[in-house]
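Data first, discussion second: the structure below is written as structure tokens.
This is a predicted model, so every value here is computed, not measured. Read the numbers this way: they start at 1 and go in the same order the structure lists the ligands and their atoms.
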Amino acid sequence: MEEFSTITETRNYLSEFLANGKSIGFVPTMGALHAGHLSLISRSKSENDLTVCSIFVNPTQFNNKEDLQNYPRTMARDAVVLREAGCDLLFAPSATEMYPEGESAGLALDFGKLDKVMEGKFRPGHFSGVATIVDKLLAIVKPTRAYFGKKDFQQLTIIRHMVKTLDIPVEIVASEIVREPDGLAMSSRNMRLTIAERNIAPKIYQVLAKLKEKSGKVPVPELREWAMKKIREVPEFRLDYLEIGDNESLQPVSNWSHKSRAMAFIAVFLGDVRLIDNIELFL
Ligand code: AMP
């Protein structure tokens, strides 16, 4: 596996593959890799000639300084894991490599209503930071396909929107959420949970799974109230949002008239760790 920290090295190395018409699969990450990330790597490997992974804890998408400082960083281990997974190139730049003009230089795209809800509402500026870094990384790697997890469903939707708006020539591939055996969605942030918190965390998915079971049988507002109550019954949780929304517009729905598109989304603090998850209700 090649390991580069500069844009020039990465571009130079990949230009030969591009010139020879090889397909490049790209998996952008913030590191602290787990089986969720590796599922994207393995899918990319099966669908492309070459797989590139980036590891960059992007400062511009953190609206909270402490969250950025506390974000887990396990670079040495990540490189070993990627090598074992058969990744061909790891691009791990510094913040100054990615933002030579300073971190305030960002994309100001109009996402319409997509970033006015959920993560966009609770983390101001987050998606502008995400769009900026993903746009820059796509311009460096020029992948045939880029892989994103449904774990960050709103992010996936916003990236699809950006790629369409800016006519970026890449296929966006969405991959299923990888969960721990007890249902907890895998996340780099899970590493920061205490043992007691880790034991409580699966309750998030248990509530989503129950919500799915009840979907269509109970009116939407009632079901949402029920699920919020279940989360609030656990004193260690602090709920940011629980929404039942449309998988295209991401806007809240009030009835089951387009039920095949209905999803539930949640963000909850457990201690100082913020966890997100979602579930497709009728698929
Ligand atoms: P991150 O390193 O958290 O920015 O995630 C990098 C990519 O991995 C994003 O496309 C995420 O949606 C995806 N990802 C993170 N966790 C999971 C998971 N549990 N299952 C599937 N994909 C995931």
Legend entry - Within-cut-off N or O pair, S188 and ligand 1, under 3.5 Å: no

Inset, instruction - Considering heavy atoms of the protein only, find what lies nearest to atom 1 (P) of ligand 1 and give residue, atom and distance to 0.1 Å. - result: H37 NE2, 3.6 Å

Inset, instruction - From atom 17 (C) of ligand 1, work out which of Q61, K151, K150 has a heavy atom at the shortest distance. - result: K151

Legend entry - For atom 3 (O) of ligand 1, the protein heavy atom that lies nearest, with its residue and separation: Y71 OH, 3.8 Å

Inset, instruction - Decide ring pair (Phe, Tyr, Trp, His ring centres under 6.0 Å) for F237 and F269; before the verdict, give the C-alpha distance in whole Å, the side-chain angles of both, and the deciding distance to 0.1 Å. - result: CA-CA 6 Å; F237 283 151; F269 276 96; over 10 Å; no

With a 3.5 Å cut-off and sequence neighbours excluded, list the donor-acceptor pairs that the side chains of residues 275-283 form with protein atoms.
{"residue": "D277", "atom": "OD1", "partner": "R179", "partner atom": "NH2", "Å": "3.0"}
{"residue": "D277", "atom": "OD2", "partner": "R179", "partner atom": "NH1", "Å": "2.9"}
{"residue": "N278", "atom": "ND2", "partner": "K150", "partner atom": "O", "Å": "2.8"}
{"residue": "N278", "atom": "ND2", "partner": "K151", "partner atom": "O", "Å": "3.2"}
{"residue": "E280", "atom": "OE2", "partner": "K150", "partner atom": "NZ", "Å": "3.4"}

Inset, instruction - Could you tell me whether Y147 and ligand 1 have an N or O pair separated by under 3.5 Å? - result: no

Legend entry - Those atoms of ligand 1 less than 4.0 Å from some heavy atom in M186: 16 (N), 17 (C), 18 (C), 19 (N)

Legend entry - Atom indices of ligand 1 within 4.0 angstrom of I177 heavy atoms, with elements: 20 (N), 21 (C)

Inset, instruction - Would you check if there is a donor-acceptor pair between the side chains of Y147 and E47 at a distance under 3.5 Å? - result: yes

Inset, instruction - Ignoring hydrogens, just give me the one of H34, M30, E176 whose non-hydrogen atom is nearest atom 15 (C) of ligand 1. - result: H34

Inset, instruction - Using distance alone, determine whether A185 and ligand 1 share an N or O pair under 3.5 Å. - result: no

Legend entry - Check: V163 and I159 side chains under 4.5 Å, non-hydrogen atoms: yes

Inset, instruction - Quick one: do R192 and D272 satisfy salt bridge (charged side-chain N to carboxylate O under 4.0 Å, His left out)? Show the steps, please. - result: CA-CA 9 Å; R192 299 193 46 241; D272 66 347; 3.1 Å; yes

Inset, instruction - Could you list which atoms of ligand 1 come closer than 4.0 Å to a heavy atom of F148? - result: 10 (O)

Legend entry - Part of V27 with heavy atoms under 4.0 Å of ligand 1, whether side chain, backbone, both or neither: neither

Inset, instruction - Measure from the side-chain N and O atoms of D115 to the backbone N and O of I158, and report whether any donor-acceptor pair falls under 3.5 Å. - result: no

Legend entry - Residue D152 vicinity, atoms of ligand 1 by number, heavy atom under 4.0 Å: 11 (C), 12 (O)

Inset, instruction - Anything under 30° is parallel, anything over 60° is perpendicular, the rest tilted; go ahead and classify Y71 against F62. - result: perpendicular

Legend entry - Sequence neighbours excluded, every pair satisfying salt bridge (Lys or Arg N to Asp or Glu O under 4.0 Å) that has a member inside residues 218-231: R224-E243, K229-E233, K230-E233

Legend entry - Residue pair D246 / V253: nearest heavy atoms and the distance that separates them: N-CG1, 3.9 Å

Legend entry - Which atom of G31 lies closest to which atom of S188, heavy atoms considered: O-OG, 3.1 Å

Inset, instruction - Could you find the nearest protein heavy atom to atom 20 (N) of ligand 1 and give me its residue, atom name and distance? - result: V178 N, 2.8 Å

Legend entry - Per-atom contacts, ligand 1 versus P28 - under 4.0 Å to a heavy atom: 6 (C), 7 (C)

Inset, instruction - Tell me which protein heavy atom sits closest to atom 22 (N) of ligand 1, plus the residue, atom name and distance to 0.1 Å. - result: G149 CA, 3.5 Å

